[in-house]
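Read through the structure below, which is laid out as C-alpha cells, and then see the notes.
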Amino acid sequence: MCPRLAGAMRLGPRPATLGLLLLCAAAAGAGEAEELHYPRGEHRADYDREALLGSQEEVDEYVKLTPEEQHKRLKSIIKKIDLDSDGFLTESELSSWIQMSFKHYAMQEAKQQFVEYDKNSDGSVSWDEYNIQMYDRVIDFDENTALDDTEEESFRQLHLKDKKRFEKANQDSGPGLNLEEFIAFEHPEEVDYMTEFVIQEALEEHDKNGDGFVSLEEFLGDYRRDPTANEDPEWILVEKDRFLNDYDKDADGRLDPQELLSWVVPNNQGIAQEEALHLIDEVDLNSDRKLSEAEILENQDLFLTSEATDYGRQLQDEYFYHDEL
C-alpha cells in the first residue's frame with residue numbers, strides 16, 4: 001500500500017483480513033484479495049500460507065523449522081492460551097489471546113517504525129522527520145488556503161489531519177514524539193487520551209450538518225443512486241447493513257459519538273470473537289464448543305494454512321512460544 005493511502009486509511013474504516021494470531025496489513029482491497037485467494041473460484045492453498053506467514057523471508061524461516069520444533073512451539077502456545085489450565089481452549093480464552101496478539105504486533109510495528117522515522121537517533125520523531133520518512137521532503141501547507149487542484153486539496157486536507165493528530169499525540173509539548181507518543185499517533189485506538197480526538201476528527205469529516213451525529217446519508221458520503229437503476233449496488237447494500245446492524249446500536253437512525261468510534265476505529269474485540277468462533281467451528285471434533293490440545297494438534301495443518309488462523313508468525317516469535325515469557 002502506498003504511504004499516502006496508508007495515511008488516509010489510518011483513522012477511517014479499514015477492510016482487513018485478520019487471522020487468528022496475526023494482525024495482517026491489508027495490501028489490497030477485499031475484492032482483489034478474494035480474487036487472489038480464489039482465482040476463477042478455485043482455492044489457492046499457497047495463498048493461505050503466504051497470508052499466514054507474511055513476507056517471503058518469514059516463509060523461508062518457517063520452512064526451516066523441523067516438524068518436531070513446530071509441534072513443540074505450538075504446544076507451548078496452546079498452554080499459554082489456556083488461562084485456567086483446564087486442558088481446553090474456550091471461545092473466551094481464544095478471543096482474549098487474539099486481542100493480545102493484535103496489540104502486540106501493532107506495538108512491535110510501531111517500535112520498528114519509530115527507529116526508521118527518528119533520522120537523527122535522538123529518541124524522538126519530529127514533524128520534519130515524519131515528513132521526510134513519508135514523503136522524502138518536508139511539506140508545509142497553509143491551513144487557511146485551499147488549493148485549486150482537487151487532488152492537491154485532498155492531499156492538503158489529509159496532511160493537515162496528520163499534523164493535528166501529531167500535535168495531539170505530543171503530550172509533553174516537546175520538539176517531537178517519544179516512543180509512547182509515537183505509538184499514540186500511529187495507533188490512537190490503543191491510547192485512551194486520543195479517543196476524544198479520534199471522535200472529533202471523524203465528526204468533522206462526516207457530520208455535514210453539524211448536529212453531532214452521523215446519519216445514514218452522511219455515512220454513505222457522496223453516494224447518489226443512479227436514477228436509471230432499480231436498486232442500489234451491492235456495496236451500498238452492504239454498507240447500509242453495516243450501519244444498521246453493526247454500528248447503530250440504539251437503532252435511532254444515526255451514529256452518536258460512541259457508535260461512531262466503533263466505526264472509525266477497528267473493533268478488535270468483535271473481530272477476535274468472530275475468529276475464535278470460526279476456529280472452534282473448524283477444529284472442534286466432538287462438538288463440545290471448546291478445543292483440546294489433541295484436537296488442535298490433529299488439525300495442525302489447518303492452523304498453518306487456514307484464513308482464520310495465523311500461528312505461523314507466532315512460531316517464529318519467542319514472545320509467544322517461549323515457556324519463560
Side-chain angles (χ1 to χ4, degrees), residues 15-24 26 30 33-34 37-38 42-54 58 62 65-106 241-242 245-247 249 262 266-325:
T17 300
L18 295 172
L20 173 65
L21 298 175
L22 168 62
L23 179 57
C24 296
E34 185 72 10
H37 194 186
Y38 292 93
E42 297 180 4
H43 179 253
R44 264 188 63 206
D46 62 324
Y47 176 91
D48 286 325
R49 186 171 295 279
E50 291 168 7
L52 164 71
L53 297 173
E58 289 173 314
Y62 167 73
L65 293 178
T66 65
E68 293 76 15
E69 184 63 20
Q70 293 176 26
H71 197 80
K72 177 183 176 182
R73 294 185 185 185
L74 181 55
K75 290 179 69 173
S76 179
I77 290 173
I78 293 169
K79 184 178 180 181
K80 286 175 174 289
I81 300 175
D82 184 15
L83 296 177
D84 60 9
S85 301
D86 68 348
F88 297 95
L89 306 188
T90 64
E91 175 195 332
S92 176
E93 289 171 330
L94 285 165
S95 180
S96 295
W97 176 263
I98 295 165
Q99 291 178 68
M100 181 276 293
S101 176
F102 289 166
K103 184 169 184 176
H104 169 73
Y105 282 119
D241 181 74
R242 291 174 65 212
N245 297 311
D246 294 342
Y247 305 131
K249 301 300 184 182
S262 71
N267 187 349
N268 287 343
Q269 181 177 355
I271 295 169
Q273 184 177 24
E274 181 179 342
E275 295 291 352
L277 288 170
H278 183 91
L279 183 59
I280 289 175
D281 288 340
E282 293 292 328
V283 180
D284 178 22
L285 301 178
N286 62 4
S287 301
D288 62 355
R289 304 307 297 165
K290 54 187 178 181
L291 305 183
S292 67
E293 181 181 277
E295 287 175 321
I296 294 171
L297 295 177
E298 184 173 340
N299 289 276
Q300 181 169 336
D301 286 345
L302 177 63
F303 276 75
L304 295 173
T305 60
S306 172
E307 256 189 284
T309 60
D310 286 303
Y311 272 105
R313 183 170 176 180
Q314 294 205 359
L315 291 177
Q316 297 294 328
D317 191 336
E318 286 193 9
Y319 179 87
F320 293 98
Y321 70 78
H322 199 289
D323 290 337
E324 297 179 0
L325 297 181

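Nearest approach of E93 to I81, heavy atoms of both residues: CB-O, 3.5 Å. Across all their heavy atoms, E295 and K290 have their closest contact at OE1-O, 3.3 Å. G87 and D82 get closest at one heavy-atom pair: N-OD2, 2.8 Å. Smallest separation of non-hydrogen atoms from Y247 and R242: OH-NH2, 2.5 Å. Residue A276 comes nearest to S95 through the heavy atom pair CB-N, 3.9 Å, listed as atom of the first residue, atom of the second, then distance.
Once rounded to the nearest 0.5 Å, the distance linking OG of S287 with CD1 of I280 reads 11.5 Å. Atom CD of E69 and atom NZ of K72 lie 5.5 Å apart (nearest 0.5 Å). We find the CG-CG distance between L279 and L94 to be 5.5 Å, quoted to the nearest 0.5 Å.
Inter-residue side-chain proximity for L89 and W97 is flagged as unmet; no heavy-atom pair is nearer than 4.5 Å. Q273 is listed as a side-chain neighbour of E91, based on a closest heavy-atom distance under 4.5 Å.
For the pairing with L291, the side-chain contact (heavy atoms from CB on, under 4.5 Å) check across N299, V283, L285, T90 returns one residue only, V283.
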